[in-house]
Amino acid sequence: VDRVIVSGPLDAQVVNERFHLSKPAVVVMNTPPYRDPVKSDLRERCGVPENALLAIYQGVVHHGRGLAPMFSAMTLNQRVHLAIVGNGPAESALRTKANELGIGDRVHWCGSVPYDELHALTCGADVGVCLIEPLSMSYEYALPNKLFETMTARIPILVTDLPALRQHIEAHPVGLIVGRTLDATQIAKALDAAMTEPKRSQMIAACDDIRQLSYESQAARVIALCREYLA
């Protein structure tokens, strides 16, 4: 092929080394168009009281996405609710898991929504979760779009201690890092820390870095690549 496009800097490093590319891979991150935060009805839609901590998971409902560890953490804190926006092949098994753990009434299955509605829903959460499990190289180097969606919504996020996620949080301190084993106690403590001042306000302020990371900045790379091959 003439060029390879990847969604993160570490992915580029891997493919450049593994495939000995004649030209370096182009990084175009999975970032959304820039938006300001908006009023949300997520809490009302889920029936979550104002004094509860409402976390949000976006994306495919599958094993390896940290949902089962999150459920375990929720057994340690009755205040935590989780909105799951998306569907997928593991939904039935995870619904069963939540009920077995006694937290089924605090897990709110919102289903898939049109992309244009996702931002407003995300703005209604207190914290996002991106607890990717290191099951494969793809997951190990993941830099999911949900990370950038939560930045756009100006809410902190919990991420697994994986290379690309750690690199992002160190450069843009918008969230908290949880150990690779996704221990329930660690997740529960991180959820509490995400609601504690002044750290919470600092993470929310750092989310403003999305102005430099949004799709508008990524689009310039796509345009430059097109011009290179149309010249």
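Index from 1, following the sequence.
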P32: partners by side-chain contact (heavy atoms from CB on, under 4.5 Å), with sequence neighbours left out: Y115, F148, E149, T152
task: Determine the sole option in L143, N145, L147 for which the side-chain contact (heavy atoms from CB on, under 4.5 Å) test with N30 is passed.
output: N145
- prompt: What are the two closest non-hydrogen atoms of S214 and P33, and how far apart are they?
  reply: CB-C, 4.3 Å
- request: Please name the pair of heavy atoms, one in V48 and one in H108, separated by the smallest distance, quoted to 0.1 Å.
  value: CG2-NE2, 3.5 Å
- prompt: Looking at OG1 of T196 and NZ of K199, how far apart are the two atoms once the value is rounded to the nearest 0.5 Å?
  reply: 11.0 Å
query: Can you pull the side-chain hydrogen bond (donor to acceptor under 3.5 Å, both in side chains) pairs that have at least one residue in residues 184-195, sequence neighbours excluded?
result: N77-D192
message: Just to verify, what does Q218 make a side chain to side chain donor-acceptor pair (under 3.5 Å) with, not counting sequence neighbours?
response: R221
- line: SG of C110 to CD1 of I84, rounded to nearest 0.5 Å, is 8.5 Å
- prompt: If you group Ile, Leu, Val, Met, Phe, Trp and Tyr whenever their side-chain heavy atoms sit less than 4.5 Å apart, what else falls in with I223?
  reply: none
statement: The remaining residues in the hydrophobic cluster of Y229, counting side-chain heavy-atom contacts under 4.5 Å among Ile, Leu, Val, Met, Phe, Trp and Tyr, are I5, V26, V28, Y215, V222, L225
- prompt: Who pairs with R43 by salt bridge (Lys or Arg N to Asp or Glu O under 4.0 Å), at least two apart in sequence or on another chain?
  reply: D126
message: Once salt bridge (Lys or Arg N to Asp or Glu O under 4.0 Å) is applied, do any residues pair with K23, and if so which ones, sequence neighbours excluded?
response: E228
message: Tell me whether the count of non-hydrogen atoms from other residues, nucleotides or ligands lying under 6.0 Å of CZ in F71 goes above 12.
response: yes
statement: In terms of heavy-atom contacts, L176 and A190 come closest through CD1-O, 3.3 Å
- prompt: Taking only residues two or more places apart in sequence, or in another chain, which ones meet D183 in a side chain to side chain donor-acceptor pair (under 3.5 Å)?
  reply: none
field: Other ILVMFWY residues reachable from L76 by side-chain steps of under 4.5 Å
entry: none
- prompt: Sequence neighbours excluded, which residues qualify as side-chain contact (heavy atoms from CB on, under 4.5 Å) partners of S201?
  reply: E197
Sole residue of V159, L158, L67 in side-chain contact (heavy atoms from CB on, under 4.5 Å) with L131: L158
task: Before giving the answer on side chain to side chain contact (heavy atoms under 4.5 Å, CB included), spell out for M29 and V6 the whole-Å C-alpha distance, their side-chain angles and the decisive distance to 0.1 Å.
output: CA-CA 8 Å; M29 293 191 295; V6 295; over 6 Å; no
- prompt: Does E170 have any salt bridge (Lys or Arg N to Asp or Glu O under 4.0 Å) partners at least two apart in sequence or in another chain, and if so, which?
  reply: R166
query: If you round to the nearest 0.5 Å, how far is NE2 of H81 from CD1 of I56?
result: 14.5 Å
- line: Residue set satisfying side chain to side chain donor-acceptor pair (under 3.5 Å) with T122, at least two apart, ordered chain then number -> Q58
message: Check R180 with E140, please: is the shortest side-chain N to carboxylate O separation under 4.0 Å?
response: yes
field: Closest heavy-atom pair and its distance - A184, A73
entry: O-CB, 3.5 Å
